[in-house]
Every structure is written in structure tokens, then in C-alpha cells.
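Report on one structure; see the data block that follows.
We name chains A, B, ... by the order of the sequence lines, and we start the count at 1 in each one.
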Number of protein chains: 2
Amino acid sequence: MARKRPTINDVAAASGVSRGTVSRVLNGHANVSLAAELAVRRAVIETGFVVNRAARSLKTSRTGSIVMVLSEPQERLFEDPNFSVVLRAATRRLADRDTALVLMVAGDRGGRDRVARYLRGGHADGALLVSAHAGDPLLEAVEHSGIPVVACGAVLGRESAVPYAAADDRGGARQITEYLAGLGRRRIGMITGPLDTPGGALRMEGFTDVLGRKATKRMVVHGDYTQAGGERAMRTLLENAPALDAVFVASDLMASGALRALHDAGRAVPGDVAVGGFDDSAIATATSPMLTTVRQPLEEVAGEAVRLLVALLDGDRVESVVLPTELVVRDSA
Amino acid sequence: MARKRPTINDVAAASGVSRGTVSRVLNGHANVSLAAELAVRRAVIETGFVVNRAARSLKTSRTGSIVMVLSEPQERLFEDPNFSVVLRAATRRLADRDTALVLMVAGDRGGRDRVARYLRGGHADGALLVSAHAGDPLLEAVEHSGIPVVACGAVLGRESAVPYAAADDRGGARQITEYLAGLGRRRIGMITGPLDTPGGALRMEGFTDVLGRKATKRMVVHGDYTQAGGERAMRTLLENAPALDAVFVASDLMASGALRALHDAGRAVPGDVAVGGFDDSAIATATSPMLTTVRQPLEEVAGEAVRLLVALLDGDRVESVVLPTELVVRDSA
DNA sequence: GTGAAAGCGCTAACAT
DNA sequence: ATGTTAGCGCTTTCAC
């Protein structure tokens, strides 16, 4: 066993044509007779041939792989259930292209350096940025590498430089804020995400879009996308504005923490305080009451991001896309 | 700009030695004079040289990458927050080796074929299997490919063939079952995972280890690791055994569904029915009441799995490892 | 300790 | 439409 892996030469020999022709068939070039093509395809199957990507890459200087770069610091990724979804959609979209997906985490200095080296080494044809922050030093490295880049979620401040696919954070925030207001709630607070992330900044903008000057400083507190952070923020909010009767929390995970704080404070949800989340992640139906929230079409976002990247690789021009969100009404508001 | 990438020849020229010597320095071979080494290192930095993996791989037929294969069907992965953790730990562990992590999903027929081809093509040095099922056709493909394989979580029925790192599912199930029994609960039910997964089979074994013949067929129902499945299973259990006063649910996600079913049936938790989960995932603290559960050291499991794989790649023999779990007492039991 | 040279498997330009 | 050929950038004998 463990016979040596067949090469293109073996296929050529088995099919009675030259290496060149085999290569042409493999790469779908024109100018190949039907007979030759058939013979080659048979031989490929017969020999169990699989192209050697290294050799191909050496010659073409394309690698057949793209890298997905996560710039979240560890703890956040750790808590983020959304990430699996993104990954899934990406691999699925890449499936037909037989492009490999390599994954790198650039959470700290060392990670960024590694990514930068990898990219500079030309080891990937393109990069997919996930949750890059504004001013992320990684960005420079990536852009500097000169390979096509697409972001999953806008990169704040670089929207025109880095094409992206994203959910309509601002619009979604408007939807739920309007819903809360439409319920007759008059004192609506908000717990935001970190303001250097699109979900942090844009969801807050959507909130103020609707509430205008009623969105006062003390009614808005900033969280960090963790459950504990949401709980803390809710307590602060309750101190700032004891009379509050609704709150929009920028992520379901934080909302679950907020629910706990509300419960501990003896406020009924949604009776005393209506709670709106964001994401529609698995956690939204695990809480009690279940969260009324905004569904982000994350699968589609990730799928679109990959589509953009692939288009870029193929030399097309691309336009960023923003996908609509959807209000999901459950029990918390 | 966009100057051509420097090659080993540029480094050789810049440092005044031959390509061969540069290569020796790069690969840490002996028999290189200090002077030469220094000169080469300087030149590497000066030129910004990064080895071309394709070329190296072509020559050595090692690729410098390993592939992580997810054999979960899509929907399950979709709901599984644990997966991010595994991924994180794996990338971290690989960081120093400058080994790339490529990710493939083998959820369906097409996915499996892709993985098989990838492996047969020699595109990875090793494979890390995540949640492979018993009798998974993927397994054959992987083993057939002849590259080192390690599983994250035991592969049922192939424990001795495929080295693995896993949490002590059986022991953990015993812990929580004993805890439930120690609370004085006499009619303890269980919701298992799919029995062709280690978490399904082993946690059920741990349960019956403790309860012996008290674990009757009607007290055990099988779930599918989803929230909806957990809810359904709990309803069935309630029909089968209305007098039940405790339930061990094989995952937190299912437990959150069970909690809902219990709530809908008007049973107080933990008053009427104590609920124990498994995983200690983010969802365990989002539910109300918060889940008493079993913490799996998933980070460590994934880290160990990678360590085993790396050892295998280095030609060492390895032994599977099983890591202890920990009971986490909260409010549901 | 170091240089020279062969060649890994493939693609693409050039012949024919 | 097909065969021939020249490397892609690297590692690794083999000489010295």
C-alpha cells in the first residue's frame, strides 16, 4: 500500500496524451479534442489523481485558498455564538470553488504579526475580515499585503476602502426602537456595544434616529457584548433612570444579562420594563421571557461577503451590500 | 510598489552566501557558521523575505497545514456554541508552529467527498476530527488517506484506532446524577443526546451507572442537542413519568428547552423538578433559573487534541487523553 | 562549513 | 489540437 501519489505524468501516460493536454483538460482550457478530454477524464479516475496544489501554486502563484481573519480578542469570540454561523456560510459558499478556507485569529500582537507574515508570504489569494475594529492595526497589514480584502460587517471609518457585507444595523435598531415606542413606552433606555464596532455605533445611531433628543446621555450606557457586561450596564441604567419603562440592548447575550439585572431589581418584564435585543441568536429563546429581538441575516451576510471576495479574486469590481434585518416579536416586549 | 516578492536567491545574494546555506539557516540545520547565520538573518529582515510554502511543500511534500474537519450536519453546528471554543483553542495551540489551520465541513455527501479528495491530494499533514459520528463514512476516507488523525471527542467504536482527547462524559454524567440523587430526588429522568455520539452514549452510561435499574426505559428519552428537541423530549418525559422530580439533560441547549416545557407544564424548577445540564456553555447563565450543570474543559480538550496531532506529526506515539469535568451548581438543581 | 546541481509537479508559452 | 520545454522557489544530496 501507500503507493506513491499519481502525478500528471501518470495521467498522461495512462491516457496516451501529453502532460500539456492533461493540464489543459484539468483547467478547462479550450482547444482540446473531445477524444482527448474523455481519455484524460477516464485516466484521472483510474489513477485516482488529485492535483498537487503546491506545484500548481508554485507555477501560477495563486494558492487556491483564502484566509478568514478574526480580529476579536479571545474572550469575545469565546462568548459569541454568531461566529459559527458565519463560518458555516463561508465554507458552504466556497465549496464549489475548491478553495480552501484557512482560519487565523489576530486577537493580540503576535496573532496580527502572524497574519501579516502569512499574507505577505502570498499564502492566500484573499482575506475575509471578521469583526475588524476601527483603527485595527491589522487593517494596515492586510491592505498593505495587496491581496483582495472583504469585511464581514463594515469596518468603521474605512467603509469606502474595504468592501463589506453587513446587516443593516442602523435600520434594525430603528425597527425595534420604533416598536418599543409604538408600545407606548416613553422612557426608553439603551445598552450599546463597544462604539468602535459597527454594531456598537450603528445600533446606537438607529436608536437616536428614532428618539431624537429624548435619547439623553443618562439613558444610554455602553456595554461590551458580554452577559456580565449587560447585567452591569442594566444596573447602571436603573440607577440613572429608575423610571425607565423599556430598554433596547444591542445584543441578545447582553440582553440576557439585562434580564437578570431587571429580575434582581424586582422589575417585571415586559410589564414594568420592555426589553428588546439584537441578533436573534440561540440565546434569545433560552431566556425567560423569550426575547423580542432583531434578526440579523448572518448567514446571508457571510455568504455575500464571500461572494464579494470571490468576485474580487475574479477581477470584478464590487459594491458593498447591506442586508435588511427583521423584527422578531416574542415575549420580552 | 508591488515589488516582486523576495526569494531565497535574493537573501543569498544579500548575505553573500549560497542558496543552500540560506536554506540551512532557515531550517535550523547544524553545520552553519555563526557568521553565515548572522548574515542570513540580517538579509532575511532586510529583504522582508517570507518562505514560499508552495515551493517548500513541493520539495518536502509536507504542507505545513492541518485540516479541522467538522462532521456535524449543518443545523447542529449552527446551534452549537461550543464550537467557537474548540476553534480558538486549536488556533492558539498551532500559533507557534506556524502551521495553518484549514477548515472543512463534511456535513453531507459532497462535503465528505471534498474532504476525502483534499486529504488524498496530500494537501494537509494531519487531520483533526470534530464530533465524528460512529460509522461516519468520513472516517474511512480519513484513515484511508494515511495521514495522522486525532479526534476531538472519542469516535465511538474506533477508540483504539483513532487517538482522541475528550472530556470525561461518563464521569461528568455520574457527578451530576449523584448530585441530583443526593438532593433526595427519587424519580430522576434523563434526556440524552443522539446515541451515536460520545456525548449521547457516554452521558447516558454515567446516568445508569449511578441509577442502576432505577433508570427505566420510560425515564430516558432521546434528544438531538437542539433546544426544540429538548423541549419536545421534556414533554414526552412528563407524559411518561408525571411524578418525576428531577431530570438530567445532556446539554445546556436542550436543558433550556426542557426548562421551557417545564414552565409551560406549570412545574417549578427546582421546587417540583430539579434540572441538571451539561456543557456549562453561555446559555447556562442565560436561562432562568440558571442551570446547574457540568463544565466540560473544552478549551483544554481541543488544546490536547492539537497537541496529540502535533506529536503524531513529529513521529511520536501518543495516548488518548480524557479530561475531568466539574460540577457547577447554580439555581436549577 | 559551504557551494553546485538536481528535481519536486505543475502550467503556459512556443512550436508544430 | 497537441507535444515540448522552461522554469516557479525551495531542499537536499554530493562534492569539496
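B/Arg117 CZ: 12 or fewer foreign heavy atoms inside a 6.0 Å radius.
A/Arg5 contributes no side-chain N or O that, together with a main-chain N or O of A/Val51, makes up a donor-acceptor pair within less than 3.5 Å.
Residues B/Ala100 and B/Arg53 come closest through the heavy atom pair CB-NH1, 4.0 Å. Contact detail for A/Val150 and A/Tyr164: the closest heavy-atom pair is CG1-CA, 4.3 Å. B/Ser15 and B/Ala39 get closest at one heavy-atom pair: CB-O, 3.5 Å.
Residues A/Arg97 and A/Asp314 are paired through a salt bridge, judged by an N-O separation under 4.0 Å between the basic side chain and the carboxylate. In summary, A/Glu299 and A/Arg92 engage in a salt bridge, as defined by a charged side-chain N under 4.0 Å from a carboxylate O.
The nucleotide range of DNA chain C contacted by chain A, defined by atoms under 4.0 angstrom from heavy atoms of the protein and reported 5' to 3', is C/dG9 to C/dA13.
If you find the closest nucleotide of DNA chain C to B/Arg19 and to A/Arg19, the one lying nearer the 5' end belongs to B/Arg19.
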If you look only at distance, which donor and acceptor atoms sit under 3.5 Å apart when one is on a side chain in residues 152-161 of chain B and the other is two or more places apart or in another chain?
residue: B/Arg158; atom: NH2; partner: B/Glu143; partner atom: OE1; Å: 3.2
residue: B/Arg158; atom: NH2; partner: B/Glu143; partner atom: OE2; Å: 3.2
residue: B/Glu159; atom: OE1; partner: B/Gly157; partner atom: N; Å: 2.9
residue: B/Glu159; atom: OE2; partner: B/Gly157; partner atom: N; Å: 3.3

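Atoms CD1 (B/Ile8) and P (D/dC8) sit 14 Å apart, rounded to a whole Å.
Taken residue by residue, residues 50-67 of chain B places heavy atoms nearer than 4.0 Å to DNA chain C at B/Leu58, B/Lys59. Within a heavy-atom distance below 4.0 Å of DNA chain D, the residues of residues 20-31 of chain A found are A/Gly20, A/Thr21, A/Arg24, A/Asn31.
Checked against side-chain hydrogen bond (donor to acceptor under 3.5 Å, both in side chains), A/Arg307 has the following partners two or more places apart in sequence or in another chain: A/Glu304. With sequence neighbours left out, the side-chain hydrogen bond (donor to acceptor under 3.5 Å, both in side chains) criterion links B/Thr91 to no other residue.
Taking only side-chain nitrogens and oxygens, B/Thr7 never comes nearer than 4.0 Å to OP1 or OP2 of D/dG9.
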